[in-house]
Amino acid sequence: MTDPEAVETREESVYQPSPEFVRRANVRGMEAYRALYARAERQPEEFWGELAERELFWFEKWSHVFEWAPPFVKWFVGAKTNASYNCLDRHLATPRRDKTAILWEGEPGDQRAISYFELHRLVSRFANVLKARGWRAGDRAVIYMPMIPELPVAMLACARLGITHSVVFGGFSAEALKARIQDLEAGLIITADGGWRRGREVRLKETVDEALIECPQVRDVIVYRRTAGAVSMKAGRDLWWHDLDEGASDVCPAEPLDAEHPLFVLYTSGTTGKPKGILHSTGGYLAQCVATMKWVFDLHEDDVYWCTADIGWVTGHSYIVYGPLAAGATTVMYEGAPDFPHFDRFWQIVEKYRVSIFYTSPTAIRALIRQGEQWPDAHDLSSLRLLGSVGEPINPAAWEWYHRVIGKGRCPIVDTWWQTETGAIMISPMPGAMPLKPGSASFPLPGVQADVVDVYGKPVEAGKEGFLIVRRPWPSMLRTIWRDPERYKSQYWGRLPGVYFTGDAARRDAEGYITVLGRVDDVMNVSGHRLSTMEIESALVRHPSVAEAAVVGRPDELTGQAVCAFVTLKKGAADHQQLGEELRRWVAHEIGGFARPAEIRFTESLPKTRSGKIMRRLLREIVTTHSVTGDVTTLEDMAVVSRLAAED
Ligand code: 7RM
């Protein structure tokens, strides 16, 4: 790693934004970034107060901008606002009234373009439906729907009345759904008969029925008809959306709610088996979502913006629904799988809707790399001007491919670091302000006092690895864990005194660029050398035969931990003994002898969460105990685990 040649190579791959991009950018040049950052740091009240006033509508103003009683924070104290009003009503008195809010594409190829005016009408009607059924502010609704426009409609209708929603990703099982409904004590479920995924119907209502066997407190199940598949409707509990919608009024004023009103709860897995209900507020959350739309995605009035995430994850909440709509953008929404019917579905959609900003995950990028350049090459991608990445570290090789093959060398890439808990993007380039370094999320955004520290909370030197922490509360910060404030305290504020513990390891270079290396529990220690799983994985996927790699530490008597790599190969590559040896040498060559994997295991697939994160915890269990006993409710394909355990 200290090889001067390697340092030189890294320095060479710095990408400057083009003068054309900078000229139009919302934030131009490094000095502009530094000025914003300094102001937010020195005068947070003025900075966020002015931003909130400029970007959002308030029924009543705050008495003060924030109140910090560690580890609990309130933003825009005493103010009244409404997320649904900000995403809809506010635009109706402007030229955005007839602008397309949602450009939707169903997997079978059906499409809908919904204007702000029309979306407001749909949301108001559905809010009236909920109101008529007796639901009101403070109640909780679980939303379990496919990626159709009625999903944001349901969210915004809840938000309009102050009903706290919890969207559960449509890929979760009945068991996981039940646990969330119960933890939340939700009385209302909003769902659909099903949705389309790879040409097959995902039968959501069936899963709801199974989950509800043990949820007696659920009073209403509202079912939208999407697939027209057969469903059973329980009398006295289940209701068709279209029946209730008939005769509902188009007029439903948004409730003036406290800025701290709980907008949503989103469950995410923690280190224990039990998922955590991350609670987000209204005013602070929206303020930071809108701010980041402008800073990070450099949003302009004529952009067509597409985030490929599922709304069941935080990325979909903040960057398909609340951020883009509060900012008045045109947001693309796609129901199905990226490889259906072919590997060019993303590029077909980009071409068809002239998408200008495209935001996806490294996993998706790597999956597409595997299929070859002929798929994107067959499409006109000239509408693209900015690319984004989120969810996991992006290895420089995938970054370079994304930049060259998708962005044609023209489009900056924003590598955005954030978490379900942070609500909005925290560390990311502002694309018109700073040169990019592949693999680095670059600098903290204004108002984010991120740092890289050691176990005592002391900042580490440039180039050294440490814990990524945040020193001060930010507006879109989680407020607590639902019904578990103690866990909130200990998990996030109890690990290092007085600071927010992200659970991630990071490194900052001499110029201040932050590289997030992955979860702390993914960091290995081999013979006293700290190794990032990511670094080794990144080295492995640079090898021409490797498609994906997951690295875990397994206990080793001699070295403390030994590096064990699970590797999937590209089509046509053979998994022979020799290749294993070659890959071990390759890693030693790419990083250093100390990083050489003790073991390479070839496998057909890796265990992943439904949002595409490799579950290294399971791999670690397999190599440590030769079996898996921990929580697997977020795993996408159970069979992978039994195959891996059997191979062991
Ligand atoms: C938005 C989201 C959060 C965890 C986080 C990291 C990892 C996310 C990046 C990243 C490196 C990135 N929320 N992570 N983005 N690591 N670079 N740009 O993913 O709650 O589901 O996950 O994801 O480990 O702590 S999340």
Side-chain angles (χ1 to χ4, degrees), residues 268-276 362-363 366 391-393 395 419 455 465-468 491 495 501-506 516-541 546-568 575 580 583-584 587 591 594-648:
T268 186
S269 31
T271 43
T272 72
K274 193 176 175 293
K276 306 179 275 195
T363 291
R366 287 194 296 264
E392 51 189 313
N395 51 296
Q419 308 177 299
V455 286
E465 215 174 274
F467 299 115
L468 180 64
Q491 184 92 42
R495 305 285 286 269
F501 188 77
T502 66
D504 280 328
V516 179
L517 300 159
R519 303 298 299 183
V520 175
D521 40 13
D522 289 341
V523 177
M524 298 166 297
N525 189 320
V526 179
S527 305
H529 299 287
R530 294 191 59 163
L531 289 177
S532 148
T533 54
M534 172 56 200
E535 235 165 348
I536 302 177
E537 288 165 8
S538 179
L540 284 165
V541 298
V546 175
E548 263 200 311
V551 167
V552 294
R554 73 162 155 67
D556 184 275
E557 277 186 10
L558 189 67
T559 57
Q561 277 188 312
V563 177
C564 182
F566 291 80
V567 170
T568 67
D575 59 340
L583 291 180
R584 295 179 66 240
V587 173
I591 301 175
F594 62 90
R596 185 198 310 267
E599 199 182 333
I600 302 272
R601 298 194 194 184
F602 295 104
T603 172
E604 271 300 302
S605 45
L606 295 168
K608 291 195 183 152
T609 64
R610 295 182 183 87
S611 63
K613 294 193 207 310
I614 297 169
M615 293 183 82
R616 292 186 188 75
R617 179 171 58 76
L618 298 185
L619 297 174
R620 224 166 9 243
E621 258 195 270
I622 289 168
V623 299
T624 311
T625 67
H626 308 283
S627 68
V628 170
T629 53
D631 170 38
V632 288
T633 58
T634 54
L635 183 67
E636 187 179 32
D637 177 9
M638 253 326 278
V640 176
V641 171
S642 27
R643 280 199 300 275
L644 286 168
E647 281 160 14
D648 187 62

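Just so it is clear, the structure is predicted and the values come from calculations on it, not from any experiment.
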Side chain to side chain contact (heavy atoms under 4.5 Å, CB included) for Val587 and Arg596? Distances and angles first, verdict last.
CA-CA 6 Å; Val587 173; Arg596 185 198 310 267; 5.5 Å; no
So does Ala547 get a backbone contact from the side chain of Thr568, meaning a donor-acceptor N/O pair under 3.5 Å?
no
Note: Lys608-Glu392 ion pair, threshold 4.0 Å (strictly below)
no
Sequence-distant partners of Ser538, side chain to side chain donor-acceptor pair (under 3.5 Å), two or more places apart
Arg542
Please report the interatomic distance CD(Glu465) to CG(Leu517), rounded to the nearest 0.5 Å.
5.0 Å
Does the Arg554 side chain pair with the main chain of Ala562, one donor and one acceptor, at a distance under 3.5 Å?
no
Tightest non-hydrogen contact, residues Ala550 and Leu619, listed as CB-CD1, 3.5 Å
Okay, side chain of Glu599, backbone of Cys564: is any donor-acceptor separation there less than 3.5 Å?
no
Closest heavy-atom pair and its distance - Leu583, Val567:
CD1-CG1, 4.3 Å
Within a strict 4.5 Å, meaning less than it, do heavy atoms of the Ile614 and Thr533 side chains meet?
no
Using modelled atom types only, decide if a donor and an acceptor are shared between the side chain of Gln419 and the backbone of Thr502 within a distance under 3.5 Å.
yes
Going from OG1 on Thr609 to CG on Leu618, what distance comes out if it is rounded to the nearest 0.5 angstrom?
10.0 Å
If every non-hydrogen atom of Ile600 is compared with every non-hydrogen atom of Arg584, which pair is closest and at what distance?
CG1-CG, 3.7 Å
To the nearest 0.5 Å, tell me how far Phe566 CZ sits from Thr603 OG1.
8.0 Å
Euclidean distance, Glu537 CD relative to Arg616 CZ, rounded to 0.5 Å
4.0 Å
Side chain to side chain contact (heavy atoms under 4.5 Å, CB included), that's the test. Do Leu540 and Val551 meet it? Break it down for me.
CA-CA 10 Å; Leu540 284 165; Val551 167; 4.1 Å; yes
When every non-hydrogen atom of Gly553 is compared with those of Arg620, the smallest separation belongs to O-CG, 3.6 Å
